[in-house]
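Accompanying notes for the structure given below.
In what follows, chains are A, B, ... by sequence order, proteins preceding strands, each numbered from 1.
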There are 2 protein chains.
Amino acid sequence: MKYEELIEQPCSITRPMTVLGDRWTFLIVKQSFAGVRRFEDFLTSLGISRGLLSERLDRLVEHGILDREPYKDERRTRMEYRLTTKGRDLYPILIAIRDWGDTYMAPDGPPVHYRHAGCGGEAHVHITCDKCGEELSAHDVAPEPGTGAVRA
Amino acid sequence: MKYEELIEQPCSITRPMTVLGDRWTFLIVKQSFAGVRRFEDFLTSLGISRGLLSERLDRLVEHGILDREPYKDERRTRMEYRLTTKGRDLYPILIAIRDWGDTYMAPDGPPVHYRHAGCGGEAHVHITCDKCGEELSAHDVAPEPGTGAVRA
DNA sequence: TAACTAGGTCTGAAAATAAGACTCAAGAAA
DNA sequence: TTTCTTGAGTCTTATTTTCAGACCTAGTTA
């Protein structure tokens, strides 16, 4: 199967993966959250090659995750890539990955704390039931076909 | 930069991506949560090629995300790949991706509902502060170096 | 005018992926 | 006993992606 064909699968995990599921895309988004906006800054902070960065930024813009806008520096016009609302909504995925990374891949402790500004507590993700409010784990959840499923 | 070198970066988002950030790995994990355990079942449900599936399963086992065990069918011995605790802890990432996928890539509505067994409500992720309990968005969070950061 | 900078494009070599043929062992069928 | 089928892979070849670095272009500064 061609990887691109996966986007047609009726699965809300598979479909985002066709957009985000490669080596670099998610790291670019991560840098965006960290305030990186310019081509050269993505380039040097990530160590990605120019060609790939160019292609990936284009794709993120196409998918409406980043906006590409020229803006006036003091003197020159430069390009900026900024997260859209759709892009900012990826934040829980980022924090979920960070929680797992801190737990299993950070032998020297968390490299970065994500603190509640002002309060000083740390941000973590939780799965909760939107009806009873209880905190859930994988055991408590049962998948069930929805309206977007393909009828056989 | 070689992609593999990224695993040394002091970042709990980058490091998991070196394990999970390719076309197929996360989809294999997704299938594991859906109850798939056998080689042939991953193969047909995902449409991945044999060689890649073999290599990816090995890698997930190496990283302690799946366990590979022979088990007795009625008559024969077969292989099973099952999530470890480390693997099950990926669930919030999965649900976070699904939330985003349902919001932005499911024009016909959610293909699958992830329901709280018994209660019937739906599972969603939230970012909360572990000190004050408030629900947070990207705006409310400020990154700050931790013990695992490299000193410059 | 020359050099520099941001933001790219182009190119060739190396690596990863796709598709399918082949292997091998165990158990079932004839 | 020989053959067939099945699960779980390995191997091979062609195609795609990725890497690394050279090159390009327009405005800026010296």
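- Proximity note for B:Phe39 (side chain, C-beta onward) versus D:dT6, D:dG9, C:dA6: the nearest is D:dG9.
- Here the C1' atom of nucleotide D:dT13 and the CG atom of B:Leu52 are 15 Å apart, to the nearest Å.
- The shortest distance between the side-chain N/O atoms of A:Trp24 and the OP1/OP2 oxygens of D:dT17 is not below 4.0 Å.
- Under 4.0 angstrom from either OP1 or OP2 of D:dG9 there lies at least one side-chain N or O belonging to B:Arg68.
- When the C1' atom of C:dA15 is taken as reference, atom CD of B:Glu55 falls 12 Å away, rounded to whole Å.
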Test log, rule side-chain hydrogen bond (donor to acceptor under 3.5 Å, both in side chains), inputs B:Thr84 and B:Asp67: CA-CA 6 Å; B:Thr84 61; B:Asp67 254 350; over 6 Å; no

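- Taking the six-membered ring for Trp and thresholds of 30 and 60 degrees, A:Tyr91 and A:Phe33 have ring planes inclined between 30 and 60 degrees apart.
- Across the protein-nucleic acid pair, B:Leu43 atom CG and D:dT10 atom P stand 13 Å apart, rounded to whole Å.
- Atom-to-atom, CZ of B:Arg59 to C1' of C:dA16 comes out at 12 Å; the value is rounded to the nearest Å.
- Checking C:dG8, C:dT17, D:dG9 against the side-chain heavy atoms of B:Met79 singles out D:dG9 as nearest.
- Between A:Asp140 and B:Arg115, no side-chain nitrogen of the basic residue sits less than 4.0 Å from a carboxylate oxygen of the acidic one, so the salt-bridge criterion is not met.
- Looking at heavy-atom distances under 4.0 Å, B:Tyr81 makes contact with sugar-phosphate atoms alone, never a base.
- With distances taken from any side-chain atom of B:Ser54 to the nucleotides C:dA18, C:dG7, D:dG9, the minimum falls on D:dG9.
- For the pair B:Asp58 (side chain) and B:Glu55 (backbone), a donor-acceptor distance under 3.5 Å is absent.
- Place B:Asp58 and A:Gly51 on DNA chain D by their nearest nucleotides, and B:Asp58 ends up nearer the 5' end.
- Closest to the A:Arg56 side chain, of the nucleotides D:dT18, D:dC19, C:dG7, is D:dT18.
- The separation between B:Arg50 atom CZ and D:dT13 atom C1' is 18 Å, rounded to whole Å.
- Protein atom CZ of A:Arg38 is 13 Å distant from nucleotide atom P of C:dT5, rounded to whole Å.
- Residues A:Glu5 and A:Tyr71 each lie close to DNA chain C; by heavy-atom proximity, the contact nearer the 5' end of the strand is made by A:Tyr71.
- In summary, A:Glu40 and A:Arg38 do not engage in a salt bridge, as defined by a charged side-chain N under 4.0 Å from a carboxylate O.
- Atom CG of A:Leu27 is separated from atom C1' of D:dT18 by 15 Å (rounded to the nearest Å).
- Of the two residues contacting DNA chain C, namely A:Thr77 and A:Arg23, the nearest-nucleotide position lying further toward the 5' end is that of A:Thr77.
- Look at CG on B:Asp22: it is 6 Å from P on C:dT17, rounded to the nearest Å.
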